[in-house]
Amino acid sequence: MASFNDNEAGTDDENRPLLSERVEANKEDENSEDMNNEDIELTGCGATAACNPHRTLHRFLVLILICFLSFGSYFCYDNPSALQNQIKDAMEVDTSKFMLLYSLYSWPNVLLCFFGGFLLDRVFGIRLGTVIFSIFIVLGQCIFALGASLNSYNIMLAGRFVFGLGGENLAVAQNTYAVVWFKEKELNMVFGLQLSFSRVGSTLNMNIMKPIYDLTNDALPSYQRLGIALWVGAGFTIFSLLCGVYLGYLDGRAAKILKREAGATGEKIQLRDIKDFPLTLWLMFFICVAYYVAVFPFIGLGIIFFEDKFGFSPAEANAVNSLVYFISAGASPLFGFLVDRFGRNVYWLILGVILTLASHGLLAFTFLNPFVSMSLMGCAYSILACALWPIVAFIMPEHQLGTAYGFMQSIQNLGLAVVSQVAGLIADKYGYLMLEVFFMACLCVALICGVLLYLVDASRGGFLNLSTRQREKLKKEGEIQVQKPLSTPVKGGAGPSGAYIRPQSPFHLRNRYLSRLGAKLPDTYNVNTKALARHGVLQ
């Protein structure tokens, strides 16, 4: 407490006129805040719990829309996996060429995920950006289905490329929506629910696409039967697009009622801020890449693996291959709640990596029923996702979250684009045992980075790995500290004796609080002068 007052009271005499001007500005701001804080009167249906943004029920109805926002894209992402044999036979391609369907989804996102987040922050805004990215998903799936109907593998590849232009960017928008609507205590659970609903789409895809294909007329050519099944997927993407449009409407309405624009910071992300990303965030990026390249490409190739090694029928192979998604759909909310309840995100993250490594080891070196190994992988995947993604919100300021999540998705997709092709080549030339060894090596890299994340964070105060109780305690102390008025009146200005200086915005409060905890802030941010600059005093 003393250090805070000493820092403020120790301001140079030459700066005190500026502080006096700010005291006068504070009065005007307080008056305008009082006017802005007057609630908009809601009447009729808008005043009910389901339609009032102040009420919890409305927020959780919004959560349902957020969850279904990515339902269609996740359903269609693994269409190739669910129809792996059918695509390879109809299009006469080997495993390496088949994996191009995944690589071409990922390649555009190496850059566009980052710029997608940047566009969400600076150009389109979250509402328009969500709709634009959803439209890319619909168009991509339609082109993909059209290519199958026309027996053109090149058109199918083009469709997956267009699909990729929207898929990962939509995930960035979804994460940003979640942070805007649900913060602090609820955030881990909300990320878990997002993952759960998304994986319901993936599980549904794995279990219905082959039966849909089988229901088509046997007299038709195989490529036409394939096209019919893929057009069903296009319908799910249209459903998610409609959810995105309605979600944008509700978010815009809530922004007016809750006066979010009035409380906006006005801060703009600069591309050069990437160099100021802290080491902990870069370690998060590496963990994300090394972990997910050992999960998604494996699922993409898993059906033939289970048929060859364990002698499963196509239906059984589809069922066991979808277990990761099926288990995560139910386990993600549970593990999200546990992470919210106990905190210690870094411990949960390391546990998820270790369990996934064990799962791949069982699949590679034993003949234990793969339902056990894949169930373990599903639980591990849920644990890691619930612990990993919310950590970004602990590290970065809110106005940079879109860019941070976009950059994380970008690096992840670089890894997936490369590893998908490498996995196909290994499977063709060396078989699935060597492929499993390769995946285990990737997980070892993720484990090393997880341990380094723990050590680096511990050396800086352990903020990322605090328990929930410790985090709440420190936050409460930080808020009391930054809101405590000066014990020394401001002198030398027109303001009255005894006037107090108080923070000007939630953004200022949050960054001052994080700086007290030792969290990394951009070098251009100064907790003592930034608010003055925003109000024009230092400009």
Side-chain angles (χ1 to χ4, degrees), residues 59 61-77 105-106 108-141 162-183 186-187 190-199 201-202 236-255 260-261 264 268-269 288 385 388-390 392-393 396-413:
R59 293 170 60 242
L61 290 175
V62 168
L63 175 59
I64 294 174
L65 292 174
I66 293 175
C67 291
F68 277 116
L69 189 60
S70 62
F71 184 88
S73 66
Y74 275 88
F75 180 91
C76 294
Y77 173 79
Y105 171 92
S106 298
N109 291 293
V110 174
L111 293 177
L112 287 177
C113 265
F114 169 72
F115 286 108
F118 185 74
L119 291 173
L120 284 173
D121 284 339
R122 296 197 60 177
V123 182
F124 298 132
I126 186 173
R127 299 160 205 153
L128 179 59
T130 297
V131 174
I132 291 174
F133 298 146
S134 296
I135 290 173
F136 273 114
I137 290 173
V138 174
L139 290 176
Q141 182 64 17
V162 174
F163 186 84
L165 296 176
E168 298 302 306
N169 290 322
L170 183 64
V172 176
Q174 184 184 37
N175 290 338
T176 308
Y177 262 129
V179 174
V180 169
W181 279 87
F182 300 91
K183 299 178 182 178
E186 301 164 326
L187 189 57
V190 167
F191 272 102
L193 285 170
Q194 279 184 205
L195 178 63
S196 177
F197 272 74
S198 300
R199 290 318 177 190
S202 299
F236 284 98
T237 63
I238 293 172
F239 168 74
S240 290
L241 170 61
L242 295 176
C243 289
V245 172
Y246 190 48
L247 178 60
Y249 164 75
L250 291 181
D251 187 68
R253 176 177 176 270
R260 281 186 191 153
E261 280 84 2
K268 298 296 183 183
I269 179 71
C288 179
L388 176 76
W389 294 95
V392 178
M396 299 304 295
E398 185 172 319
H399 74 285
Q400 290 182 331
L401 280 178
T403 300
Y405 279 124
F407 201 76
M408 190 169 180
Q409 294 272 9
S410 176
I411 295 178
Q412 177 190 1
N413 278 279

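- The closest side-chain heavy-atom distance from Leu250 to Tyr246 is below 4.5 Å.
- Tyr249 contributes atom OH, which lies 12.0 Å from atom CZ of Arg127 (distance to the nearest 0.5 angstrom).
- Under the rule for a ring pair (Phe, Tyr, Trp, His ring centres under 6.0 Å), Tyr74 has no partner lying at least two apart in sequence or in another chain.
- Between Ser70 and Phe197 there is no side-chain heavy-atom pair separated by less than 4.5 Å.
- Remark: Leu69 CG to Leu63 CG distance equals 11.5 Å, nearest 0.5 Å.
- With Ser240 contributing its side chain and Gly72 its backbone, the two residues share a donor-acceptor pair below 3.5 Å.
- In plain terms, the two heavy atoms of Gly201 and Phe75 that are nearest each other are O-CD1, 3.3 Å.
- Listed here is the closest heavy atom pair of Pro390 and Ala385: CD-O, 3.9 Å.
- To the nearest 0.5 angstrom, Leu241 atom CG is 5.5 Å from Ser134 atom OG.
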Checklist entry - Run the ring-ring contact (aromatic ring centres under 6.0 Å, His included) check on Phe68 and Phe71 step by step: do they pass? => result CA-CA 5 Å; Phe68 277 116; Phe71 184 88; 5.6 Å; yes
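- In this structure Phe163 satisfies the ring pair (Phe, Tyr, Trp, His ring centres under 6.0 Å) test together with Tyr105, sequence neighbours excluded.
- Interatomic distance, CD1 of Ile64 versus CG of Leu247, reported as 12.0 Å (0.5 Å rounding).
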Item to check | Criterion side-chain contact (heavy atoms from CB on, under 4.5 Å) on Gln174 and Ile126, from CA distance to verdict | outcome: CA-CA 9 Å; Gln174 184 184 37; Ile126 186 173; over 6 Å; no
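- Cys76 places a side-chain heavy atom less than 4.5 Å from the side chain of Thr237.
- In this structure, the separation between CD1 on Ile238 and CD on Gln141 is 10.0 Å, given to the nearest 0.5 Å.
- Going from atom CG of Leu170 over to atom CD1 of Ile137 covers 4.5 Å, rounded to the nearest 0.5 Å.
- Counting heavy atoms from C-beta on, the side chains of Leu128 and Ile132 come closer than 4.5 Å.
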Checklist entry - So Ser73 and Tyr77, side-chain contact (heavy atoms from CB on, under 4.5 Å) or not? Walk me through it. => result CA-CA 6 Å; Ser73 66; Tyr77 173 79; over 6 Å; no
